[in-house]
Amino acid sequence: MKIEQVQSTSYKKQRVAIHSHVKGLGLGPDGVATPISAGFVGQEQAREAAGVVVELIRSKKMAGRALLLAGAPATGKTALALGIARELGQKVPFCPLNGSEVYSSEVKKTEILMENFRRAIGIRVKEMKEVYEGEVTEWTPEETEDPLEGYGKKVSHVILSLKTAKGSKQLKLDPSIYENLVKEKVSLGDIIYIDANSGSVKRLGRNESYAKEHDLEADEYVPLPKGDVHKKREVIQDLTLHDLDVANARPQGGKDVHSLLNSLRTPKKSEITDKLRMEVNQIVSGFIERGVAELIPGVLFIDEVHMLDIECFSYLNRALESNIAPIVIFATNRGMTEIRGTDIRGPHGLPVDLLDRCMIIRTQPYTLEEVSQILSIRAKLEGIPVTEESLKALAEISSRTSLRYTVQLLTPAGILSKVAGREQVTEEDVKEADVLFFDAKQSAHMLAEQGDKFIT
Ligand code: ADP
């Protein structure tokens, strides 16, 4: 069976989840920031500057340059970088990397940087495929006894009905397709398509007739498909150069687009060498020439850039010159600090030649009001009902701890309120959650006081 859906960069996606409310930069057509828009609150000047950078990227004037976001922790640097990627297009890859991640005992620093550069370059492959497409109107897994598994029952097949504007069809599907449906988090009312050959499932969004039921921006709404349920359709798959490197490093099948996509499923890992990367570059150029693929430069976000050393900086200087480089965004919360690997101090811990290539945007601390608004957006997205007082209490906690800590405190506060049988998170739940958990400063303080009680 052929399967084409893969998400090799999934662990990076989890890190983006705390920013899932950020849908763009929230700028008006005149480039002016709307105070609360696209999930963004305040930070107007930085957002407007980021909007100018998006224009520069679109008009291909950022080549050889990078962006540096400088500001205190939790002032929205990552959110801004993600906002830039979202403004460039919903499917534009966003690859976050922490400066400290380049240090490994097994892999060279420059190798890790190179891998992340390639994770940040998207490639969109188009193919005509036979599919079943429509809105899910019925979905019943049929179960049989399974004496071997010990858990009693297993799914023998699934009955699934799909509806289009023209008609509907009931399908009897294999259990493996049931797993694909569960993985895609498909529910009734979603518009999906199933690849007739591979059985892979793609969720396109919810039927737009549901759009008014929720005021959350979280879901994408799509119209009911026209035509038959069973048809030929252009299927688009978004991959990164790194995904293809991984596929190509697995010796099996040919080097055409189908074999590469199939090899993505093999769990075997082999080393990706420069020679193999060159091969992928050539294959990709071939795809592009034949019109079946398109390159989508994404955003490589390097947080805590001062953690990189001089060897990495000279690599970056060269890599930025390459003709298929992603947009590189650095972030730091440091002022004058030592450039790692040298005994020289530099602004933000960066060498002057690299700093010279950077456009710098500063982020400012938030007011209590803005923090409450950010928390309110998060609470809505996570489906946690909160009172105004609890938001104020959280905002106050954030002034002594950090915004990130309070964003994360929302979930336990929600659980505490449910356990207590309350419908909304109250000030009391917030205070209780704050007592149960430690923020970074409290934890450091406790370690300093009781350090002798811990194993070092
Ligand atoms: P930094 O990268 O500067 O340390 P983050 O971007 O990680 O800060 O911000 C911490 C949390 O607050 C994240 O969940 C982020 O999405 C959210 N956040 C920060 N600034 C804003 C803002 N202006 N509007 C909405 N959410 C924000």
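Keep in mind that the numbers below use all heavy atoms, side chains included, and drop hydrogens, waters and symmetry copies. For ligands, and for the atoms within them, numbers begin at 1 and follow the listed sequence.
Looking from atom 2 (O) of ligand 1 to the surrounding protein, the closest heavy atom is T78 OG1, 2.6 Å. Given atom 12 (O) of ligand 1, the protein heavy atom at minimum distance is L403 CD2, 3.3 Å. Considering only non-hydrogen protein atoms, atom 14 (O) of ligand 1 sits nearest to I18 O, 2.8 Å. Looking only at protein heavy atoms, the nearest one to atom 20 (N) of ligand 1 is Y366 OH, 2.6 Å. The protein heavy atom nearest to atom 6 (O) of ligand 1 is A79 N, 3.0 Å. H19 ND1, 3.3 Å is the protein heavy atom nearest to atom 15 (C) of ligand 1. Nearest to atom 19 (C) of ligand 1 among the protein's heavy atoms is G76 CA, 3.5 Å. When only non-hydrogen protein atoms are considered, atom 25 (C) of ligand 1 lies nearest to G39 O, 3.1 Å.
Contact between A331 and ligand 1 is absent, with no heavy atom of the residue lying under 4.0 Å from the ligand. Remark: distances from the non-hydrogen atoms of G71 to ligand 1 are all 4.0 Å or more. For the ligand labelled ligand 1, residue H21 lies inside the 4.0 Å heavy-atom shell.
S399 places a side-chain N or O within 3.5 Å of a backbone atom of E396 that can act as its donor or acceptor partner.
For ligand 1, the atoms closer than 4.0 angstrom to any heavy atom of R404 are 1 (P), 2 (O), 4 (O), 5 (P), 7 (O), 8 (O). The contact set between ligand 1 and K77, taken as ligand atoms under 4.0 Å from a residue heavy atom, comprises 1 (P), 2 (O), 3 (O), 4 (O), 6 (O), 8 (O). The distance from ligand 1 to the heavy atoms of V41 drops below 4.0 Å at these ligand atoms: 22 (C), 23 (N), 24 (N), 25 (C).
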| message | Between Q43 and Y366, is the side-chain hydrogen bond (donor to acceptor under 3.5 Å, both in side chains) condition met? List the steps. | response | CA-CA 8 Å; Q43 210 61 267; Y366 294 115; 3.2 Å; yes

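Test T426, V425, T387, V430 against S417 for side chain to side chain contact (heavy atoms under 4.5 Å, CB included) and you get one pass: V425.
Using a 4.0 Å cut-off between charged side-chain N and carboxylate O, D190 and K202 make no salt bridge. One finds a salt bridge joining K431 and E427 here, because a Lys/Arg side-chain nitrogen approaches an Asp/Glu carboxylate oxygen to under 4.0 Å.
Here's the thing with A74: one of its N/O atoms is less than 3.5 angstrom from an N/O atom of ligand 1.
The number of heavy-atom neighbours closer than 6.0 Å to NZ of K126, taken from other residues, nucleotides and ligands shown, is above 12. Environment of CE in M278: sparse, with no more than 12 heavy atoms of neighbouring residues, nucleotides or ligands closer than 6.0 Å.
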Show me the donor-acceptor pairs, under 3.5 Å and distance only, between side chains in residues 293-308 and residues at least two apart or in other chains.
unit_1, atom_1, unit_2, atom_2, d
E304, OE1, H306, NE2, 3.3
H306, ND1, T332, OG1, 2.8

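A side-chain N or O of N317 and one of D353 form a donor-acceptor pair less than 3.5 Å apart.
Taking CG of L394 as the reference point, atom CG of L403 lies at 10.0 Å (rounded to 0.5 Å).
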